Amino acid sequence: MIEALSLQERLQGLIKGRVLTEEPLASHTYFRIGGPAEMMVYPADLEDVKTVLKVARDETIPVLILGSGSNMLALDGGVKGLVMNLSQSFLELEVSGEEIRCGAGVRTSRVLALSAMRSLTGLEGLTGVPGTVGGAIKGNAGTSLGAIVDHLDWIRLVDGLGEERVLTRNELGAGYRCTALPAGSVIIEACFTLQRGDLTDIKETISRLLVRRNLTQPVEIRSAGCIFKNPSGDFAGRLVEHAGLKGLRRGGAQISEKHGNFIVNLGGATAAEVLWLIERARAEVMVKAGVALELEIQVVGSPIAG
Ligand code: EPU
């Protein structure tokens, strides 16, 4: 247990951004689920990021990096230590020729919209993918049409030792819905190189993907997107449906009736209820199809407070 008040005061004295204590993570995740973050820091700039990481290193305080919380299940007991909230920092976005440079806190939807406006093609696979650029890169977010790292040139990050580093695409260790960034890294900036395309084609692709997504996914209800990674050669949603689990409910949480790889928060769901559904789906899919489903979402925090 860290001494919340004194650390808050000290950190607040050291950085320009805000420092909050006992901040409910339910207010910061798409799922609208999650206990409190012991301390939540909003760095205002790069120096703040470095300072926070240094304090955390010196005092052995765990740090969780939070983007927009779109791919996250925060457990009911909350998160001990520091949560670095990057949803309101590093918001610059600029295009120059076929290159787009942006801060890690920019929403992927804004980057996609800007690229389309400039008739640049490549990022259409991000249509409907929520979240910040930093979070999307870390998890190599995408759809069947491609993932974010495919068109990335380089990223700038601060590593766990506080050093600024530039990594090119090939240095990210990117795979299906994952990267292998240095431990404790905070992505600050990214640069994409796209191709010139036809504005009408780009707009048509984006609208087609949006229509399809709205038809097949429970976009109107709170969730964390797809819960599981697709196993090689199959689809998690199909397997969960085949196991007869669509619509299964536990308290306020439900395996979506629309898409088997989504769990929705019908109102007041707890993380424990979501975890129960996750374990049930894993067990049934293992029994019925012999497939071990792997989580795509990041599960953080403790199940119970204390
Ligand atoms: N399917 C079923 N039952 C279901 C759901 C799907 O049989 O309940 C079948 C569909 O009929 C289709 C196949 O499974 O034949 C694939 O379904 P879908 O096209 O919906 O795509 P997905 O593989 O389930 C992936 C991404 C989504 C992304 C969509 C759209 C993963 C784990 N999921 O879903 O990403 O939006 O493609 O391109 O890669 C996310 O990452 O959070 C996410 C939602």
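The first residue of the sequence shown is numbered 1, and numbering continues consecutively from there. Order of listing sets the numbers, starting from 1, for every ligand and every atom in it. Keep in mind that this is a model prediction, so the values were computed, not measured.
- Ranked by closest heavy atom to atom 1 (N) of ligand 1, the top entry among Arg213, His242, Arg238, Lys229 is Arg238.
- Closer than 4.0 Å to atom 44 (C) of ligand 1 lies at least one heavy atom of the protein.
- The option from Phe228, Tyr176, Phe235 that lies nearest to atom 31 (C) of ligand 1, judged by heavy atoms, is Tyr176.
- Checked against a 3.5 angstrom limit, the closest N/O atoms of Glu241 and ligand 1 fall inside it.
- Atom CZ of Arg57 sits in a crowded spot, with more than 12 heavy atoms from other residues, nucleotides or ligands closer than 6.0 Å.
- Grouping Ile, Leu, Val, Met, Phe, Trp and Tyr by side-chain contacts under 4.5 Å, direct or through others, puts Leu215 with Val211.
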Legend entry - Evaluation steps, side chain to side chain donor-acceptor pair (under 3.5 Å), between Thr121 and Glu124: CA-CA 7 Å; Thr121 180; Glu124 294 86 326; 2.6 Å; yes

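- Taking distance alone, with nitrogen or oxygen atoms compared against 3.5 Å, Phe262 stays at or beyond that limit from ligand 1.
- Checked against salt bridge (Lys or Arg N to Asp or Glu O under 4.0 Å), Glu94 has no partners two or more places apart in sequence or in another chain.
- Nearest non-hydrogen protein atom to atom 26 (C) of ligand 1 is Cys226 SG, 4.2 Å.
- Listed by number with element, the atoms of ligand 1 under 4.0 Å from a non-hydrogen atom of Glu296 are 31 (C), 32 (C), 40 (C), 41 (O), 42 (O).
- At a 3.5 angstrom cut-off on N or O pairs, Gly260 counts as close to ligand 1.
- A donor-acceptor pair under 3.5 Å is absent between the side-chain atoms of Arg18 and the main chain of Val41, judged by distance alone.
- Scanning all protein heavy atoms for the shortest distance to atom 38 (O) of ligand 1 gives Thr143 CB, 3.1 Å.
- Taking a 4.0 Å cut-off on heavy atoms, Gln217 registers as neighbouring ligand 1.
- For ligand 1, the atoms sitting less than 4.0 Å from at least one non-hydrogen atom of Arg177 are 39 (O), numbered in the order shown with element in parentheses.
- Of the possible polar contacts, none joining the Glu23 side chain to the Thr21 backbone as a donor-acceptor pair under 3.5 Å is found.
- In this structure, of Glu294, His259, Lys258, the residue bringing a heavy atom nearest to atom 21 (O) of ligand 1 is His259.
- Asn261 places a side-chain N or O within 3.5 Å of a backbone atom of Ile227 that can act as its donor or acceptor partner.
- The nearest heavy-atom contact from the protein to atom 25 (C) of ligand 1 is Asn230 ND2, 4.3 Å.
- Residue Lys246 has at least one N or O atom closer than 3.5 Å to an N or O atom of ligand 1.
- Distances below 4.0 Å separate heavy atoms of Gly225 from the following atoms of ligand 1: 42 (O).
- The closest donor-acceptor contact from the side chain of Tyr176 to the backbone of Pro231 lies at 3.5 Å or more, if one exists at all.
- Annotation: Lys54, atom NZ; neighbour count of heavy atoms from other residues, nucleotides and ligands within 6.0 Å does not exceed 12.
- Side-chain contact, Asn170 with Thr168: no donor N or O sits under 3.5 Å from an acceptor N or O.
- Among Gly131, Ala236, Gly142, Ser144, the residue whose heavy atom lies closest to atom 37 (O) of ligand 1 is Ser144.
- The presence of a protein heavy atom under 4.0 Å from atom 11 (O) of ligand 1 is ruled out.
- Atom 19 (O) of ligand 1 has as its closest protein heavy atom Arg212 NH2, 2.9 Å.
- With respect to the salt-bridge test (charged N to carboxylate O, under 4.0 angstrom), the residues Glu59 and Arg10 qualify.
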